[in-house]
Amino acid sequence: MNESVTVAAEAPRYNFREAEPRWQRAWAERGCFRVADVPTDNKPKYYVLEMFPYPSGKIHMGHVRNYTLGDVVARYKRARGFAVLHPMGWDAFGLPAENAARERGIHPAKWTWDNIAAMRAELQRMGLSLEWEREFATCDPAYYGHQQKLFLDFMRAGLVERKESWVNWDPVDGTVLANEQVIDGRGWRSGALVEKKRLSQWFLKITDYAQELLDALDTLDRWPERVRLMQAKWIGRSEGARLDFALATPVDGIAAVEVYTTRPDTLFGMSFLALAPEHPLSAAVAARDPKAAEFIAECRRMGTSEAVIETAEKRGHDTGLRVRHPFLKDTTYPVWIANFVLMEYGTGAIFGCPGHDQRDLDFARKYKLDVVPVVLPPGEDPAQFTVGDEAYVGPGTIFHSDFMNGLDVEAAKGAVIAELERLGVGRGEVNWRLRDWGVSRQRYWGCPIPVIHCDGCGVVAVPDEQLPVKLPDDVTFDRPGNPLDHHPTWKHVACPRCGASARRETDTFDVFVDSAWYFARFCSPHADLPVLREAVAHWMPVDQYIGGIEHAILHLLYSRFFTRAMKRTVHLDFEEPFAGLFTQGMVTHESYRSAPGPNGAWLYPDEVTKQPDGSAVHRDTGEPIVVGRVEAMSKSKRNTVDPEAIIGRYGADTARWFVLSDNPPDRDMEWTEAGVAGAFRFTQRVFRLVETFGDAPTEAASDAGRDLRRVTHRTIVAVSEALDSFAFNVAVARLYELANAIADAGIAPGVGAARREALEMLVRLVAPMMPHLAEEAYLRMHPGAATLVADLPWPDADPDLLVADTVTIAVQVMGKLRATIVRPPNCGEEANAAAALSEPNVVRALEGRTVRKTIYVPDRIINFVAA
RNA sequence: GCGCGAGUGGCGAAAUGGUAACCGCAGGGGUCUCAAAAACCCCCGGAGGAAACUCCUUGCCGGUUCGAGUCCGGCCUCGCGCACCA
């Protein structure tokens, strides 16, 4: 055919319905994405991981976005010559399975495994380059048994503690929540107001690593700054002092109150001491003072919901007790119980210095307590300075403070601590906002905590050889509480130590334990140990982790801790699990209501027909519909689009392409029907272009051919750079340009070879994003070829073709663009300036002026500075 | 309140301190068609002008620079996170 390529009048359409499953089978059959647990070759490794899904039953657009991003990285790195580990599994324990059991009578295990099967099939239809041989679910004893082993190892290493503590109790879910799972005073799942309750709980000692977890954030240079800041704030290091205030008269043997402060320098500005309502001394007071008891009960009822905190006044109850100042022998202060003091932080007691703390000031004003300023702001007159409605928290000079007078704030802190230590009533102390991680949950569908309670021996670990402690299948959900606790036989066991009858722990682990080490298990998912040391040594850390920002604290912090704990227990030998982290934005959509305001029922997008003017009507009834805000897809607002339907209608490649093309991946993207349709058009367009591939030409290349080659090779560079920097939308734009350039070059004489090259590169560069289309197109271009695009290396650009044969130079006068000149490259300043000065527009702009200076940026800009 | 982002055409956006708006979406006009779809071609920040071209334009004000969307200072707005943490 040579140059006379015939373009069929009816270009055959790319049949994705037939092609996509065929290529998915081809990749699977060839085992394209398989790697060894412990490879023997010396290919560089790259571990790409997307946060594994909870098996809710259906994938949503957030999954499509997440897994598409990860797949582009995986396929690109693979083409770049890396051995890529890219696994998938299921975060399969959790409450929804139990809710299904309660509401619909389906066993949690059946519900979960059925959901997994459905979602696996959906993910497979996306054409992800996953190694399904590594798949596991956390609800499988083959996984959680190893988790129990890890827990016991942590226990032996002193990283586990059982203690009675105030817990966040979710009355709806009937379980304990970690601090991290309480949002605005409500349970993260149920939304119920959280109550305070005292319970015996298992804790993992994450606080042992507080300093390390904080310090190491600095080493995570491929994490978003935002996430590092959030973690640093969550860990919340503060420096201060812990000190004792002796009670003037002891109560129930309590002789002193311990206080934590970050402002020991303001100790002489004290005017009261305040206790948390849950403080033991508060309880002692309440035992003999009904009014105190009533106040404490009130505080407990108030909870900590956002609404309450916003409006809550500082309130307190004067206990009548007095404490002595540590340095002033005969001075005493009143002891209050106050609603704004938190038992969980510091010691649950504070000294109030109203002059330099806003909360203390509010409290003091309300209860008419003294306000004594002790820090003098710079430039203020000590005789004049008073505190009004705003506490002074800035720097200054200490006054009214005995031996510290004249010191600055920092020096005074040191001086007070030294004096406290000398007197033996206090010391400097670093305090943390981070609490130990309470992992006990009173639930069935979780990993059993592998311990046994024996009346004689106390808490006894389940011997390793008895692991896994499996969940019983025969449980009932007919009453509230923990089905494991209700089970007739499961918890009754013999004590492994003394043989006496004993009770199994019926609490299960928080699901965040399950996800705190799964990334390591993926390296050797079938090993008899939790992890194979050589496998994790090879594959870890995860080079690129991708997921939602909502896990910025909980999951990522727990995983960082778990990795350290696994290092201490010699399961692995590194600290940080995720070298690179990328947090994607949400997928959003317009929302629709049948009528304005809260009375309008939410409508699904496919119930709505958009009118050309942007308004909307009901698909069936034609009734007008209210188009609402664009917001995150959610079931409650019904503004969801089902990925299954999109893939069925347009194909996986179209869905992938659209999700990548719309905007930068860290921002929220809006899903629009028009956008998907545009992506679909491009798939067909690429395929039509491929039909013009033709036979290898024999004629010489034309100028147009050479120009097309330049575009092609510049595109290789541009797409590579874009993919390297997660600028997938830019990569997409450059590929559209290449397609446009191929179409523009057409089938004119002398472009044949260039077009063949351009088409082949287009297909190979598109492959990480639209892998099925790439394979199908490649096969069209090379009929009978056994090569898969998935196995081709990433193309290299020819450096000679990156050099343009003409350059366009902007000519500015006084920084304003006056002309552009097209020149051969490397003419030099003098020649280019001469050419620029002969431009009529430039001459006009320089009329009546003299050029005083010429700024020349080679082959880019000439700027004449004139006076 | 504190911390972090972000403000660029009708919309999503692009732009090593160097020609602002690549590319896509939407829209308008056209070709083909009995018609529609598809496809293809043209236009598409604002103002002025017949045109050449000129002026304005990256939230606002100022600064640095030959040159600022980009750097610096101050404000405004929006979003997100944290929030009685002593």
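Every chain is numbered from 1, with letters handed out A, B, ... down the list of sequences.
Between A:Asn740 and B:C22, a side-chain N or O to OP1/OP2 separation shorter than 4.0 Å is absent. The side chain of A:Arg844 contributes no N or O atom lying less than 4.0 Å from OP1 or OP2 of B:A52. Put simply, A:Arg433 has no side-chain N or O that comes within less than 4.0 Å of OP1 or OP2 on B:C82. For the pair A:Arg688 and B:C40, the criterion of a side-chain N or O lying under 4.0 Å from OP1 or OP2 is met. Considering only side-chain N and O atoms, A:Tyr260 lies nowhere under 4.0 angstrom from the phosphate OP1 or OP2 of B:A86. In this structure, A:Asn663 reaches the B:A13 phosphate: one of its side-chain N or O atoms is under 4.0 Å from OP1 or OP2. Remark: A:Asn729 is not in phosphate contact with B:G12, judged by side-chain N or O atoms under 4.0 Å from OP1 or OP2. The shortest distance between the side-chain N/O atoms of A:Arg685 and the OP1/OP2 oxygens of B:C40 is below 4.0 Å. When the side-chain nitrogen and oxygen atoms of A:Lys816 are compared with OP1 and OP2 of B:A20, none of them lie within a distance under 4.0 Å. A close approach under 4.0 Å does not occur between any side-chain nitrogen or oxygen of A:Lys233 and OP1 or OP2 of B:C82. One finds a side-chain N or O of A:Arg667 lying less than 4.0 angstrom from the OP1 or OP2 phosphate oxygen of B:A13.
Residue-level contact check: A:Gly678 touches the backbone only, with heavy atoms under 4.0 Å from sugar-phosphate atoms and none from bases. Counting non-hydrogen atoms under 4.0 angstrom, A:Asn431 reaches nothing in the nucleic acid. The residue A:Asp360 sits apart from the nucleic acid: no heavy atom pair falls under 4.0 Å. Heavy atoms of A:Thr672 sit nowhere under 4.0 angstrom from any nucleic acid atom. Contact annotation for A:Thr261: backbone-only contact, meaning every heavy-atom pair under 4.0 Å involves sugar-phosphate atoms and none involves a base. Among the protein residues, A:Arg852 comes within range of no part of the nucleic acid, since none of its heavy atoms lies under 4.0 Å from any strand. As judged by a 4.0 angstrom heavy-atom cut-off over every strand, A:Pro840 is placed among residues making no nucleic acid contact.
For A:Arg818, the listed nucleotide lying nearest its side chain is B:U54; candidates were B:C66, B:A13, B:U54. Nearest to the side chain of A:Tyr345, among B:A14, B:A86, B:C84, sits B:A86. Nearest nucleotide to the A:Arg359 side chain, out of B:C53, B:C85, B:C22: B:C85. Taking the side chain of A:Met230 as heavy atoms from C-beta on, and the options B:A86, B:G81, B:A26, the nearest nucleotide is B:G81. Listed candidates were B:A14, B:G24, B:G18. Nearest to the side chain of A:Gln812 is B:G18. Relative to the side chain of A:Asn863, the nucleotides B:G18, B:C84, B:C22 differ in distance, and B:G18 lies closest. Closest to the side chain of A:Leu342, from the set B:C66, B:U19, B:A86, is B:A86. With B:A86, B:U19, B:A13 as the candidates, the nucleotide lying closest to the side chain of A:Val341 is B:A86. Listed nucleotides: B:A83, B:A13, B:A86. Nearest to the side chain of A:Ser238: B:A86. Which of B:C22, B:C84, B:U16 sits closest to the side chain of A:Arg860 comes down to B:U16.
For A:Arg226, the CZ atom is loosely surrounded, since the number of other residues' heavy atoms within 6.0 Å does not exceed 12.
Between A:Tyr392 and A:His356, the two ring planes are perpendicular [angle over 60°; tilted spans 30° to 60°].
In a base pair of the Watson-Crick type (N1 to N3 plus N6-O4 or O6-N4) or a G-U wobble (N1-O2 and O6-N3), with each distance short of 3.5 Å, B:C60 is matched with B:G74. Pairing for B:A39 is with B:U31, a Watson-Crick or G-U wobble pair whose two hydrogen-bonding atom distances lie under 3.5 Å. Taking a pair to require two hydrogen-bonding distances under 3.5 Å in either a Watson-Crick or a G-U wobble arrangement, B:G17 remains unpaired. When both pairing distances are held under 3.5 Å, B:G3 makes a Watson-Crick or G-U pair with B:C80.
At least one side-chain heavy atom of A:Leu273 sits less than 4.5 Å from a side-chain heavy atom of A:Met270.
Across B:C25 and B:G79, the matching P atoms stand 30 Å from one another, rounded to whole Å. Across B:A37 and B:U31, the matching C1' atoms stand 15 Å from one another, rounded to whole Å. As rounded to the nearest Å, B:C80 and B:A14 have C1' atoms that lie 24 Å from one another. Taking the P atom of each, B:G62 and B:G49 are spaced 30 Å apart, rounded to whole Å. Taking atom C1' in both B:G18 and B:U70, the straight-line distance is 11 Å, to the nearest Å. Atom C1' of B:U8 sits at a distance of 8 Å from the matching atom of B:A20, rounded to the whole Å. B:G17 and B:G29: their P atoms are spaced 42 Å apart (whole Å). For the C1' atoms, the distance linking B:U57 with B:G48 amounts to 15 Å, nearest Å.
Taking atom CD1 on A:Ile861 and atom P on B:U16, their separation rounds to 14 Å, with Å as the unit. Following rounding to the nearest Å, A:Ile549 (CD1) and B:G3 (C1') show an atom-to-atom distance of 14 Å. Taking atom CD of A:Glu550 as the reference point, atom P of B:C82 lies 12 Å away to the nearest angstrom. As rounded to whole Å, 16 Å separates atom C1' of B:C84 from atom CG of A:Leu275. Spacing between atom CE of A:Met769 and atom C1' of B:C23 amounts to 13 Å, rounded to whole angstrom units. Between the OH atom of A:Tyr14 and the P atom of B:A39 there is a distance of 17 Å, rounded to whole Å. Across the protein-nucleic acid pair, A:Tyr736 atom OH and B:A13 atom P stand 16 Å apart, rounded to whole Å. Summarising the geometry, the separation between CD on A:Glu721 and P on B:A15 is reported as 11 Å, rounded to the nearest angstrom.
Ionic pairing of A:Glu691 and A:Arg688 is not present here: no N-O contact between side-chain nitrogen and carboxylate oxygen is shorter than 4.0 angstrom. Between A:Glu839 and A:Arg818 there is no salt bridge, since no side-chain N of the basic residue sits under 4.0 Å from a carboxylate O of the acidic one. Ion pairing between a basic and an acidic side chain is recognised when a charged N comes within 4.0 Å of a carboxylate O; A:Arg849 and A:Glu847 show no such pairing. A salt bridge does not link A:Arg435 to A:Glu344: none of the charged side-chain nitrogens sits closer than 4.0 Å to a carboxylate oxygen.
Mapping A:Ala679 and A:Ile855 onto RNA chain B by nearest heavy atom places A:Ala679 at the nucleotide closer to the 5' end. Along RNA chain B, the nucleotide nearest to A:Ile809 and the one nearest to A:Val865 differ in position, and the one closer to the 5' end is contacted by A:Ile809.
For A:Trp657 and A:Phe680, the ring centers are positioned 6.0 Å apart or more.
Considering A:Asn832, A:Asn841, A:Val842 in turn, A:Val842 is the only one that fulfils the side-chain contact (heavy atoms from CB on, under 4.5 Å) rule with A:Val811. The ring-ring contact (aromatic ring centres under 6.0 Å, His included) test with A:Phe272 singles out one residue from A:Tyr367, A:Trp336, A:Phe363, A:Phe351, and that residue is A:Phe363.
Look at B:G9: its glycosidic torsion is within 90° of 0, and that puts it in the syn range.
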